[in-house]
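All values derive from a computational prediction rather than experimental measurement.
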Amino acid sequence: MDLIIGGGTYGKLAFDKIRDEGKCIVVLDEDPGCIVQKEYRLPEVSAWDTLPEEAVFIKGGIETAAVIVAGTWGKSGSGEFMQGRIFPTAPVHILAGIISAICGFVPDHEGAEIAGGLIPEELIAGKKDADIYCTLNRKEPCLPLCSSPKICPVTKERRDVPLWETLVNYLSGDGKPGLPPSYIIESRQLCPGLGYIDCTDLTVAIKKACKEDAILAGTACACHGVVTGLRKI
């Protein structure tokens, strides 16, 4: 099963790319009038419906996404974590939201502040609440449908180490007092401009994170990412 979170412009891009793969696709959005639904009018299912082997629409947000990922969705819930891909196309840190909903976390500004002090300033594009937005390109706007080549088409700089790996290196806990465990998940590229999370990566992170009192949750591709401080309620 593939889960597209957000039925807007990039949600439609994701749906158009995977619609003919012959598997169940769930498009999740709080707005039944989103772009995907306006164009395709997918069957809408509710919390107690069994998910069919076709494309469907579910009205909901992060909490609903967490239920689907955890395998506790209505009658079709297996109690096992979702297998497949998640396309996070909504303008929020979806991974942090899903982990928070399943493990019982809330934003942790203190943890984010610690992390922000370890990430080089030249990699930080901005900060908001417990989120740290990171990039390898602070110079000019990126290409909207970039294929992420080794040499950035905007900065002309070579990028041998992807941002997700760079963040893992800076936020590893060895010798860094007070730094929570970090779980940086790679956003894999399906095509230019479109990334996805492998559910296997997310499942591993969730199972470990739920045992912790505070964590750093991150999602990053080769050149952009976000890290969020989280703590138990």
Side-chain angles (χ1 to χ4, degrees), residues 1-29 36 55 62 65-66 68-71 80-99 102 119 123 125 131-137 142-154 157-172 182-209 215-228:
M1 182 176 79
D2 288 331
L3 174 61
I4 300 173
I5 303 176
T9 300
Y10 284 96
K12 181 179 180 299
L13 174 62
F15 185 75
D16 288 341
K17 288 293 181 182
I18 66 175
R19 59 184 295 203
D20 294 326
E21 292 184 3
K23 62 176 71 173
C24 176
I25 302 172
V26 173
V27 178
L28 179 69
D29 199 296
V36 172
I62 294 295
I68 295 173
V69 169
E80 298 180 355
F81 281 94
M82 172 185 159
Q83 301 289 315
R85 299 171 294 188
I86 298 173
F87 294 85
T89 71
V92 294
H93 190 191
I94 287 172
L95 177 142
I98 290 174
I99 293 178
I102 293 175
I119 301 171
L123 296 182
D131 293 330
I132 305 169
Y133 301 97
C134 303
T135 181
L136 294 182
N137 171 27
C142 290
L143 301 180
L145 299 177
C146 182
S147 60
S148 297
K150 287 291 184 182
I151 298 177
C152 175
V154 175
E157 297 173 352
R158 186 172 181 84
R159 305 175 296 194
D160 291 315
V161 181
L163 181 61
W164 66 266
E165 186 175 338
T166 298
L167 291 175
V168 169
N169 293 335
Y170 280 117
L171 297 177
S172 62
S182 62
Y183 302 97
I184 310 299
I185 295 181
E186 177 187 3
S187 176
R188 305 168 187 267
Q189 190 175 63
L190 180 71
C191 64
L194 181 63
Y196 70 90
I197 301 299
D198 188 311
C199 282
T200 300
D201 296 338
L202 179 56
T203 297
V204 170
I206 290 173
K207 288 181 177 179
K208 292 180 179 179
I215 67 164
L216 298 172
T219 309
C221 62
C223 44
H224 301 285
V226 57
V227 176
T228 303

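- One finds the NZ atom of K208 at 12.0 Å from the CD1 atom of I215 (value rounded to the nearest 0.5 Å).
- Note that the CG atom of L136 and the CG atom of L123 stand 6.0 Å from one another [nearest 0.5 Å].
- How far CD1 of I185 is from CG of D198: 9.5 Å, rounded to the nearest 0.5 Å.
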Please tabulate, for side-chain N and O atoms in residues 158-171, each donor-acceptor pair with protein atoms closer than 3.5 Å (sequence neighbours left out).
| unit_1 | atom_1 | unit_2 | atom_2 | d |
| --- | --- | --- | --- | --- |
| R158 | NE | D160 | OD1 | 2.8 |
| R158 | NE | D160 | OD2 | 3.4 |
| R158 | NH2 | D160 | OD1 | 3.4 |
| R159 | NH2 | P149 | O | 2.8 |
| T166 | OG1 | P162 | O | 3.2 |
| N169 | ND2 | E165 | O | 3.3 |

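- For the atom pair OG1 of T228 and NE2 of H93, the computed distance is 4.5 Å after rounding to the nearest 0.5 Å.
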Starting from the C-alpha separation in whole Å, work towards a yes-or-no answer on side chain to side chain contact (heavy atoms under 4.5 Å, CB included) for I99 and L202. CA-CA 9 Å; I99 293 178; L202 179 56; 4.2 Å; yes

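- Applying the ring pair (Phe, Tyr, Trp, His ring centres under 6.0 Å) rule to Y10 yields no partners; only residues at least two apart in sequence or on another chain are considered.
- Annotation: side chain to side chain contact (heavy atoms under 4.5 Å, CB included) contacts of Q189 (sequence neighbours excluded): S148.
- With contacts defined as side-chain heavy-atom distances shorter than 4.5 Å, the pair I94/V92 qualifies.
- In this structure, D29 CG and I5 CD1 are separated by 10.5 Å, a value rounded to the nearest 0.5 Å.
- Looking only at side-chain heavy atoms (C-beta outward), C199 and V69 stay at 4.5 Å or farther from each other.
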Which atom pairs, donor and acceptor, lie under 3.5 Å between side-chain atoms of residues 11-24 and protein residues at least two apart or in another chain?
| unit_1 | atom_1 | unit_2 | atom_2 | d |
| --- | --- | --- | --- | --- |
| K12 | NZ | D16 | OD2 | 2.8 |
| D16 | OD1 | Y40 | OH | 2.3 |
| E21 | OE1 | R85 | NH2 | 2.6 |

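- Here F87 pairs with Y196 under the ring pair (Phe, Tyr, Trp, His ring centres under 6.0 Å) rule; sequence neighbours left out.
- A distance of 8.5 Å separates CD1 of I197 from CD of E186, quoted to the nearest 0.5 Å.
- Looking at residues two or more places apart in sequence or on another chain, you find a side chain to side chain contact (heavy atoms under 4.5 Å, CB included) between T135 and A125, N137, R138, H224.
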